[in-house]
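Have a look at the structure below before the remarks.
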2 protein chains.
Amino acid sequence: MRITGDQYLIKKINKSIVFDTIRQNHPISRAQISETTNLNKGTVSSLVKDLIDDNLVYEIGPGESSGGRRPVMLLFNHVAGFAIGVDLGVNYILTVLTDLEGNPVEEIRTTLENISFDSVISTLFQSIRTLIERAPDSPRGIVGIGIGVPGIVEEKGTVLFAPNLGWKNVNLSEIVKKEFQLPVTVHNEANAGAIGEHLFGAGKDTKNLVYVSVGIGIGTGIIINNDLYKGALGFSGEMGHSVIESHGKKCRCGNRGCWELYASERAFLEQAKTLSIDSADSTEEFNLDWYLQAANEGNDEVIRLFHQAGEYLGIGLTNIVNTFNPELIIIGNRFAKAEKWISQPIRRIVENRALPYHRGHMKIAFSSLGAHSCALGAASVSITNFFSDMKISVE
Amino acid sequence: MRITGDQYLIKKINKSIVFDTIRQNHPISRAQISETTNLNKGTVSSLVKDLIDDNLVYEIGPGESSGGRRPVMLLFNHVAGFAIGVDLGVNYILTVLTDLEGNPVEEIRTTLENISFDSVISTLFQSIRTLIERAPDSPRGIVGIGIGVPGIVEEKGTVLFAPNLGWKNVNLSEIVKKEFQLPVTVHNEANAGAIGEHLFGAGKDTKNLVYVSVGIGIGTGIIINNDLYKGALGFSGEMGHSVIESHGKKCRCGNRGCWELYASERAFLEQAKTLSIDSADSTEEFNLDWYLQAANEGNDEVIRLFHQAGEYLGIGLTNIVNTFNPELIIIGNRFAKAEKWISQPIRRIVENRALPYHRGHMKIAFSSLGAHSCALGAASVSITNFFSDMKISVE
DNA sequence: CCAGTTTGTTTAATCGATAGACAAACTATT
DNA sequence: AATAGTTTGTCTATCGATTAAACAAACTGG
């Protein structure tokens with residue numbers, strides 16, 4: 001049944017508009033709101049009064065006069081409540097506490113020694129509980145918990161499959177909700193990252209973007225029209241398993257020649273095993289950071305390998321460009337640390353291969369939130385949900 | 001500036017709801033509308049009166065009683081106006097006249113002998129003019145013209161690039177608008193086809209689908225959330241130029257190993273040239289229909305070639321499945337005629353290669369509108385635009 | 001033939017937005 | 001210092017759309 005219109009709907013719409021205007025332009029006066037929104041001055045006054053009663057807005061005092069009575073400036077009360085965002089990685093948990101603007105207030109980073117299910121869950125609970133305790137007093141308290149997970153997540157918050165965690169059909173949302181009695185949302189890591197970069201990072205003010213999370217595997221989060229695209233069943237964007245070599249290597253997913261077999265951190269590390277340097281000293285741990293340092297020290301072999309990974313990344317990105325015609329592609333997650341070595345090859349390949357009408361108006365950027373995109377994105381979903389719930393209860 | 005809410009907005013919303021309810025469920029009574037929409041009976045009466053004044057709805061007389069006063073049944077006046085849809089093909093023009101429900105009323109199919117620009121335009125004008133003259137009298141007349149073109153079309157109706165027509169930067173929308181003084185929209189052929197199949201064909205009642213137009217090249221139209229996805233600049237979905245062999249053949253687009261080099265009609269015909277039969281009789285024209293007949297007559301070589309094309313189609317479709325997680329993929333345009341030979345290979349490849357969570361809930365279908373998807377889709381855009389304009393002018 | 005049901009209109013009340021009047025607070029000019 | 005003009009935010013009367021409820025008309029079934 002569709003929602004029909006009545007006066008409550010009007011008020012809800014206009015209250016949202018006023019609230020969003022304040023959030024995006026504070027400090028701002030009632031008169032300015034009236035002017036920018038075209039709402040009547042009286043209407044604005046009345047709605048602002050409601051928002052002040054809701055504790056979401058407050059008056060900061062008189063502002064500068066522009067030749068008449070001084071305006072009363074309004075501020076968004078960004079500490080009316082707090083949200084928690086979690087990046088549940090393969091061997092770490094990053095938990096952040098943010099205010100209602102999405103600004104990080106506190107964070108906890110834990111390395112997972114024991115990756116048994118019970119141990120991971122208990123570490124997760126521990127870090128969330130600590131942040132809840134550390135959260136400043138506020139009228140609304142903790143408004144929700146958002147969690148990003150490296151795997152396929154169904155809409156209601158069940159992790160269907162997370163190979164690197166060894167999880168299958170884990171109703172994470174329910175488990176966490178039960179423990180903390182708070183609204184919980186669970187997302188795919190790349191989707192959360194896309195939301196994070198879209199709201200706070202390199203993708204601010206961009207309506208259509210694709211966030212490519214290059215870690216052990218490759219995941220993508222697709223923002224269309226300022227909204228995350230979810231697909232029919234809630235799990236879209238597995239472009240890491242797009243074929244770029246139809247008769248290529250076999251992939252665990254059952255397909256052949258998947259992109260992430262050629263352009264991910266895992267692909268890089270496999271390739272790197274064949275380099276001559278490895279045999280030299282076998283006691284060291286040859287991880288991504290080691291190779292980054294080697295490249296920095298001028299190791300040609302390693303640098304060539306980074307270039308190659310960049311080229312393969314470029315090939316998959318070209319497909320994304322031709323398919324989605326986005327304004328922006330953001331490369332994030334661990335492999336983004338190799339920006340210095342992969343940026344040029346990526347751009348060269350996309351420049352040479354993408355359709356001219358598409359590449360002309362498109363940019364490629366690297367994550368500007370670094371390791372935080374996923375956790376901040378997850379937290380922001382809780383904030384968004386809180387606001388939209390609030391707006392429904394306009395009473 | 002955002003649209004703020006007032007009583008006019010409410011009325012607009014509710015009028016749309018009532019109108020849509022009538023369109024989708026006619027014949028229907030005022031009482032039934034009130035029940036299904038949850039709008040008050042009085043409100044429904046008032047809005048229906050407006051719609052009757054607008055000539056969009058009319059009373060058909062008393063319906064069956066269900067134990068009380070007999071209801072007055074309402075019908076959507078689907079002949080209150082007409083729309084024109086054009087499929088501007090490489091060597092043909094298909095023009096259809098539809099009523100406001102999108103039902104075809106008349107159609108003209110012209111084969112293009114001379115493909116010079118002026119000749120194409122004059123043939124186009126001719127066929128549109130004929131249909132306008134043949135359209136029955138109606139209170140609203142022709143509400144708009146929609147045109148589907150095999151090329152990249154910018155949002156305002158300029159054909160940026162249509163290689164098979166030899167067009168570059170043709171402001172088709174303006175040219176046609178000038179001639180007929182009617183609203184004109186221009187679309188990419190695959191996008192129009194997607195809209196057509198979504199509204200009237202195999203994709204009815206499906207929120208998320210991808211229409212794959214397999215002709216000389218491969219184009220895709222993407223319906224997300226019942227809406228055509230357009231990309232940042234209005235031209236998305238060039239998945240025909242997705243790479244499936246990163247070191248494959250060179251493509252005219254500048255890339256290598258594009259999907260359409262392996263799975264389109266052109267790719268098939270190129271391959272077919274190498275078959276032994278061709279040398280046998282060189283006076284015949286070896287086009288797709290010839291090979292379809294050969295396959296039907298049991299020619300193993302040709303059948304094997306269709307199987308191969310099906311397999312390559314399957315590889316690209318797998319990428320679409322993993323990327324978009326659609327409910328449905330519809331294969332249309334000329335190559336869909338080979339359904340009998342390519343259907344099994346396609347399904348086998350997707351079954352074996354797509355991610356399990358995605359393929360489980362996804363179907364593959366072939367166009368059910370045949371050659372009409374593009375023209376009907378283009379016409380329907382005009383109808384949709386007409387309705388939404390009308391709703392804005394709620395007086 | 002009458003009681004009960006269904007349909008669609010009418011009426012009174014409610015609620016939110018708007019235009020415009022207004023008072024308060026301020027600046028600039030003389 | 002006085003005054004004119006401007007800006008801000010509130011208040012009031014009015015408008016318009018929805019709703020609940022009353023109502024009349026039309027119909028069914030026992």
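Every chain is numbered from 1 and lettered A, B, ... according to where its sequence line falls, protein lines coming before strand lines. Source: prediction; values computed, not measured.
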Does OP1 or OP2 of [N] have a side-chain N or O of [X] closer than 4.0 Å?
{"X": "A/N40", "N": "C/dA17", "answer": "no"}
{"X": "B/R30", "N": "C/dT6", "answer": "no"}
{"X": "B/N14", "N": "D/dA17", "answer": "no"}

Rounded to the Å, how far apart are [X] [atom1] and [N] [atom2]?
{"X": "B/L9", "N": "D/dT18", "atom1": "CG", "atom2": "P", "answer": "11 Å"}
{"X": "A/I52", "N": "D/dG9", "atom1": "CD1", "atom2": "C1'", "answer": "12 Å"}
{"X": "A/M73", "N": "D/dT7", "atom1": "CE", "atom2": "P", "answer": "15 Å"}
{"X": "B/K11", "N": "C/dC15", "atom1": "NZ", "atom2": "P", "answer": "22 Å"}
{"X": "A/I10", "N": "C/dT14", "atom1": "CD1", "atom2": "P", "answer": "18 Å"}
{"X": "A/E35", "N": "D/dT8", "atom1": "CD", "atom2": "P", "answer": "8 Å"}
{"X": "B/E59", "N": "D/dA26", "atom1": "CD", "atom2": "C1'", "answer": "15 Å"}
{"X": "A/Q32", "N": "D/dG9", "atom1": "CD", "atom2": "P", "answer": "9 Å"}

### Task
Please check if the distance between the ring centroids of B/F386 and B/F82 is under 6.0 Å.
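Not under 6.0 Å, so no.
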### Test of ring centre spacing under 6.0 Å for A/F19 and A/F387
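That pair passes the under 6.0 Å test.
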Distance from [X] atom [atom1] to [Y] atom [atom2], nearest 0.5 Å?
{"X": "B/H198", "Y": "B/N208", "atom1": "NE2", "atom2": "CG", "answer": "8.5 Å"}
{"X": "B/N14", "Y": "B/T37", "atom1": "CG", "atom2": "OG1", "answer": "8.0 Å"}
{"X": "B/I33", "Y": "B/T43", "atom1": "CD1", "atom2": "OG1", "answer": "12.0 Å"}
{"X": "A/Y211", "Y": "A/I195", "atom1": "OH", "atom2": "CD1", "answer": "11.5 Å"}

Side-chain donor-acceptor pairs of residues 68-79 of chain B under 3.5 Å, sequence neighbours excluded:
| residue | atom | partner | partner atom | Å |
| --- | --- | --- | --- | --- |
| B/R70 | NE | B/G63 | O | 3.0 |
| B/N77 | ND2 | B/N55 | O | 2.9 |
| B/H78 | ND1 | B/D99 | OD2 | 2.9 |

### Query
Between the base of D/dG9 and the side chain of A/K41, is there any donor-acceptor pair under 3.5 Å?
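Check passes, donor-acceptor contact within cut-off.
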### Summary
5' to 3', nucleotides 25-30 of chain C under a 4.0 Å protein heavy-atom cut-off (B base, S sugar-phosphate only, - none) gives BBS---
### Query
In terms of side-chain heavy atoms of A/T43, which of C/dT18, D/dT8, D/dT10 is nearest?
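For the A/T43 side chain, the nearest candidate turns out to be C/dT18.
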### Query
When all nucleic acid strands are considered with a 4.0 Å heavy-atom cut-off, which category describes B/S34: base, sugar-phosphate, or nothing?
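Result for B/S34 = nothing.
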### Message
Over all strands shown, is B/V44 touching base, sugar-phosphate only, or nothing at heavy-atom distances under 4.0 angstrom?
### Response
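No contact at all - B/V44 keeps every heavy atom at 4.0 Å or more from the nucleic acid.
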### Residue whose nearest DNA chain C nucleotide is more 5′ - A/L47 or B/P71
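Final value for this comparison: B/P71.
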